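Take a look at the structure below.
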Number of protein chains: 2
Amino acid sequence: MAPKVSEEHKEQRRLSILTAAKEIFTEKGYEAFVMQDVIEATGMSRGGVYSYFANKEDLFISLLEHKQQQSSNELDTLISQNKIWDTIKMIVLDFKNAEHSDNQFAAAQVEFNILSRNSSNAKEFLQRRYQWASDFLCSLINEGIKRGEFSPNAPVHHIARYYITFFDGLSIESIFLKSQELNSDEQIDLFLGHLGSMLGVK
Amino acid sequence: MAPKVSEEHKEQRRLSILTAAKEIFTEKGYEAFVMQDVIEATGMSRGGVYSYFANKEDLFISLLEHKQQQSSNELDTLISQNKIWDTIKMIVLDFKNAEHSDNQFAAAQVEFNILSRNSSNAKEFLQRRYQWASDFLCSLINEGIKRGEFSPNAPVHHIARYYITFFDGLSIESIFLKSQELNSDEQIDLFLGHLGSMLGVK
DNA sequence: TATAATAATGACATTGATGTCGTTTTAATT
DNA sequence: AATTAAAACGACATCAATGTCATTATTATA
């Protein structure tokens, strides 16, 4: 006559699956991840997990959406309190100091991008996500222009995409190279120089 | 008392497997490729194919080695007949005009890079290969310096790696985006500008 | 033409992951 | 305490791919 548990409880469950999944995706990457892992990690049953997420793809997309929501909020406050160029530098340099696990998860994401190219669901999601990232960067740059910090010498959306490309490239390579073989720090410095000159930072 | 067939014949067979495999890797990507595909495409038997290549990984690595040998020769003549900067521009701009299938194969390569991060065999191969590419670019730049074409404002090997990173990034993105969504042409132009300025082209 | 070495075949055992579904358990309501 | 809606369980059928190996076919030599 009544639902067995509260919405809250279900949300809790969902979250605990997502949390466990994130850890496993980070550790093993996307392809190697199997549902069994999440079943063991949460202690739930096969059917239980499947009642929350239809499959691995659904699980991963939900995870990305969840993360996106979080970081979106954080960024808003960051921007309101700092110069745009300082914010950008902060984000970029964060990549240098990122936890190993952050890089590992970024790798899993790249892997997902690639492996999902034949899934129309995932592809649509990825295109939206790319668009979102690109738009976000554009709006960041435009805000900088409005505030008089930048006068770019290339179309804003090209700069934004160049930015994304560079970090996608770095993400892949960090998968199979140690950061000193890759010279990622130095590459990031070079990139930051180019970014500054494209934006015409004053 | 005699081997059944000539070395030539075996080499021929090997080559025909590689050729078929390349086409399939291009079409389907690395992960989706299964040995059955190559068996059907060549008309050989399962055991036959396996007697030439131990598994998918072995097949793909052999394919890359074969390709590398080919392009290495082509490049040598290119360099001897042109200015280094013109050669570099040619290579970069080739990316713009590349056949769709070339991009597709590049995507399969990126996929291989990522999926093979837990295979020590493949990882070692990839590290060697990255080193080779990086060294090749370095020697290209150094030749340019010797000829008085360049005076770079950053360490040569950082420039080389930056180059590789950019194209790796572009390869990934071209997997799930059309080139006009990606603005790959414009990104390449931006990149070429940065490359020119890093190299101090005269 | 016989034979010996080996290339080529394809059926098969094995593995591992997936998603489903009939059953059992649980807890909110009466 | 009894009822009942639905949450959770886990055994299972299914599928797809892998690599092996006993058998068969082939061809260069004797």
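These figures come from a predicted structure and were not determined experimentally. Protein chains get the first letters and strands the later ones, always in sequence-line order, with residue 1 at the start of each.
Atoms CD (B:Q12) and P (C:dA8) sit 12 Å apart, rounded to a whole Å. Across the protein-nucleic acid pair, A:E8 atom CD and C:dA28 atom C1' stand 15 Å apart, rounded to whole Å. The nearest whole Å value for the distance from the CD atom in B:E40 to the C1' atom in D:dA16 is 13 Å. Between the C1' atom of C:dA17 and the CD atom of A:E31 lies a distance of 11 Å, rounded to the nearest Å. In this entry the distance linking CZ of A:F53 with P of C:dG19 reads 14 Å, nearest Å. Residue B:Q36 contributes atom CD, which lies 13 Å from atom P of D:dG19 at whole-angstrom precision. Put simply, CD on B:E57 is 10 Å from P on D:dG19, counting in whole angstrom units. Between the NZ atom of B:K56 and the P atom of D:dA17 there is a distance of 10 Å, rounded to whole Å.
For B:N55, counting side-chain heavy atoms from C-beta on, the closest listed nucleotide (D:dA7, D:dG19, D:dC9) is D:dG19. The side chain of B:R13 approaches C:dA8 more closely than any other nucleotide in the set D:dA8, C:dT18, C:dA8.
Between B:L75 atom CG and B:M90 atom CE the span is 10.5 Å, to the nearest 0.5 Å.
OP1 or OP2 of D:dA8 sits under 4.0 Å from a side-chain N or O of A:Y52. Residue A:S45 places none of its side-chain N or O atoms closer than 4.0 Å to OP1 or OP2 of D:dA8. Side-chain nitrogen and oxygen atoms of B:R46 include none within less than 4.0 Å of the OP1 or OP2 phosphate oxygen of D:dA17.
The pair A:R117-B:E111 meets the salt-bridge criterion, since a charged nitrogen lies less than 4.0 angstrom from a carboxylate oxygen.
Heavy-atom distances to DNA chain C give each of A:G47 and A:V34 a nearest nucleotide, and the one nearer the 5′ end belongs to A:V34.
Listed by first and then second residue, the ring pair (Phe, Tyr, Trp, His ring centres under 6.0 Å) pairs that reach into residues 16-37 of chain A are A:F25-A:Y30, A:F25-A:F33, A:F25-A:F60, A:Y30-A:F60, A:Y30-A:F112, sequence neighbours excluded.
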*Please assess A:R129 against A:E65 for the test side chain to side chain contact (heavy atoms under 4.5 Å, CB included), listing each intermediate value before the final yes or no.*
CA-CA 9 Å; A:R129 191 182 163 81; A:E65 275 167 346; over 6 Å; no
